[in-house]
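Fair warning: this is a prediction, and the values are worked out from it, not measured in the lab. Just so you know, residue 1 is the first one in the sequence shown, and it goes up from there. Order of listing sets the numbers, starting from 1, for every ligand and every atom in it.
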Amino acid sequence: MAGRNHLYVPGPTNIPTEILSAMNVNSEDHRSPIFPDLLKPILADLKKIFRTETGQAFVFPATGTAGWEIALTNTLSPGDKVLIYRFGQFSHLWASMAKRLGLDVIVIERPWGEGIPVDDLEQRLKADSGHEIKAILATHNETATGVTSDIAGVRKAMDAAKHPALLFVDGVSSIASLDFRMDEWGIDGAISGSQKGFMLPAGGAFVAFSQKALQATETARFPRCFMDLKDQMTSNKDGYTPYTPSIPMLHGLRKALDMLLEEGMENVYARHYRLAEGTRRAVDAWGLETCAKPGFESNTVTAVVVPKDKDARDVISTAFKKYNLSLGAGLSEVSGKVFRIGHVGDMNDVSMLGAIAGVEMAMLDNGFDFKPGAGVAAAIEYYRSTAQ
Ligand code: PLP
């Protein structure tokens with residue numbers, strides 16, 4: 001099919017040409033005297049994305065899933081109690097990993113479409129007067145349902161309960177695109193991946209830890225080797241890595257950081273809000289609803305619920321086969337019930353309108369009932385009236 005594939009899955013996201021060009025490098029000696037000139041500023045600038053001055057950032061040649069494991073195994077010990085709310089595929093997988101590692105996991109089920117109930121958390125933490133819970137695992141942006149949770153509220157709940165648990169936040173689909181404040185929100189471990197807001201290919205686990213979490217590495221008894229933070233710290237101190245780094249990834253990350261910091265993080269957040277809001281206006285004009293309940297809507301991904309007599313997989317299939325448009329599938333419990341429109345990373349108003357138009361065509365082809373152009377018109381009105 002002529003023309004490019006239009007990629008609107010919520011990661012991996014489109015890679016800007018500038019980043020692709022920056023990654024087009026030959027191999028380099030990662031033990032050379034000039035390698036630290038590349039790595040050290042990257043680690044310093046990553047902290048600006050995580051919004052931490054007191055924490056420390058790390059780059060692992062891995063993915064977001066490894067980020068979860070890095071946080072758990074470096075700071076905790078087998079049998080430690082951790083608490084997680086499960087309300088989508090990624091919070092499910094993180095809970096499952098914690099169990100498989102041998103942690104004592106308190107899993108609290110929430111409806112898919114809602115996020116972390118901070119009042120409930122406060123009550124549970126107050127009830128844990130012996131401070132048996134060692135860590136809270138919070139999924140900031142549940143990519144499966146398009147739900148964003150209130151991490152500032154999580155911190156408030158922890159403080160109100162005067163609870164000393166570590167706070168680990170999965171920011172794989174939020175960091176570098178949604179408002180994220182590691183220091184201000186008292187986050188002990190922030191976990192991200194390269195393939196979403198950072199606009200890079202998968203293969204980079206970008207994480208940051210507070211001093212409290214780094215202290216916990218001294219007593220954590222999980223066996224760890226490849227993902228040992230101490231090895232990273234020892235090498236990173238001099239600007240090196242404990243094993244062979246992905247040189248193209250580092251050059252790409254350098255470029256991504258430059259682009260994000262040049263745009264300014266507040267502007268990055270505002271852009272993602274506008275892209276998402278235009279998409280939500282379209283959903284509304286189609287007479288459909290988002291999977292996210294009011295107050296939980298994500299600005300990086302919108303999961304659209306299809307009517308009961310429709311199968312979201314048909315929309316996804318038509319979009320791909322007929323229009324070369326890639327949409328996100330509904331995962332596990334919401335398979336067939338939702339399709340997802342990613343609005344994360346390298347996108348602007350016009351690229352979003354392309355996706356919204358393609359979704360409309362695919363839905364109309366599958367017998368959805370709305371006036372052609374309804375969603376596009378609503379999004380156009382919103383984008384035009386709010387464009388700078
Ligand atoms: N957490 C969230 C919120 C995600 O969206 C994903 C992947 O989409 C992951 C974790 C897992 O990351 P990865 O696939 O990079 O291992």
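Heavy-atom distances between Trp94 and ligand 1 stay at or above 4.0 Å for every pair. Between Gly64 and ligand 1 there is a heavy-atom distance shorter than 4.0 Å.
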(request) In sequence, state the C-alpha distance, the side-chain angles, and the governing distance for His163 and His131, and then conclude on ring pair (Phe, Tyr, Trp, His ring centres under 6.0 Å). (result) CA-CA 7 Å; His163 202 289; His131 297 162; 4.8 Å; yes
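Atoms of ligand 1 found under 4.0 Å from any heavy atom of Trp68 (numbered from 1 in listed order, with element): 1 (N), 10 (C). Counting the atoms of ligand 1 from 1 in the order shown, those under 4.0 Å from a heavy atom of Thr143 are 2 (C), 3 (C), 4 (C), 5 (O). Taking every heavy atom of Asp170 and a limit of under 4.0 angstrom, the matching atoms of ligand 1 come to 1 (N), 2 (C), 3 (C), 10 (C). Against a heavy-atom cut-off of under 4.0 Å, Asn141 is close to the following atoms of ligand 1: 3 (C).
Atom 8 (O) of ligand 1 has its nearest heavy-atom neighbour, among Gln195, His140, Lys196, in Lys196.
Side-chain N or O atoms of Ser235 include none that pairs as donor or acceptor with a backbone N or O of Gln232 at under 3.5 Å. Using modelled atom types, one side-chain atom of Glu360 and one backbone atom of Gly375 make a donor-acceptor pair closer than 3.5 Å. Judged purely by atom type and a 3.5 angstrom limit, Asn74 uses its side chain to pair as donor or acceptor with the backbone of Met227.
Using a 4.5 Å cut-off on side-chain heavy atoms (C-beta onward), Phe168 and Thr75 make contact.
Ion pairing between Glu132 and Lys81 holds under the 4.0 Å rule for side-chain N and carboxylate O.
With 3.5 Å as the limit, one finds a donor-acceptor pair spanning the side chains of Asn348 and Ser351.
Atom 11 (C) of ligand 1 has as its closest protein heavy atom Thr65 OG1, 3.6 Å. Residue, atom and distance of the protein heavy atom nearest to atom 7 (C) of ligand 1 are Phe90 CE2, 3.4 Å.
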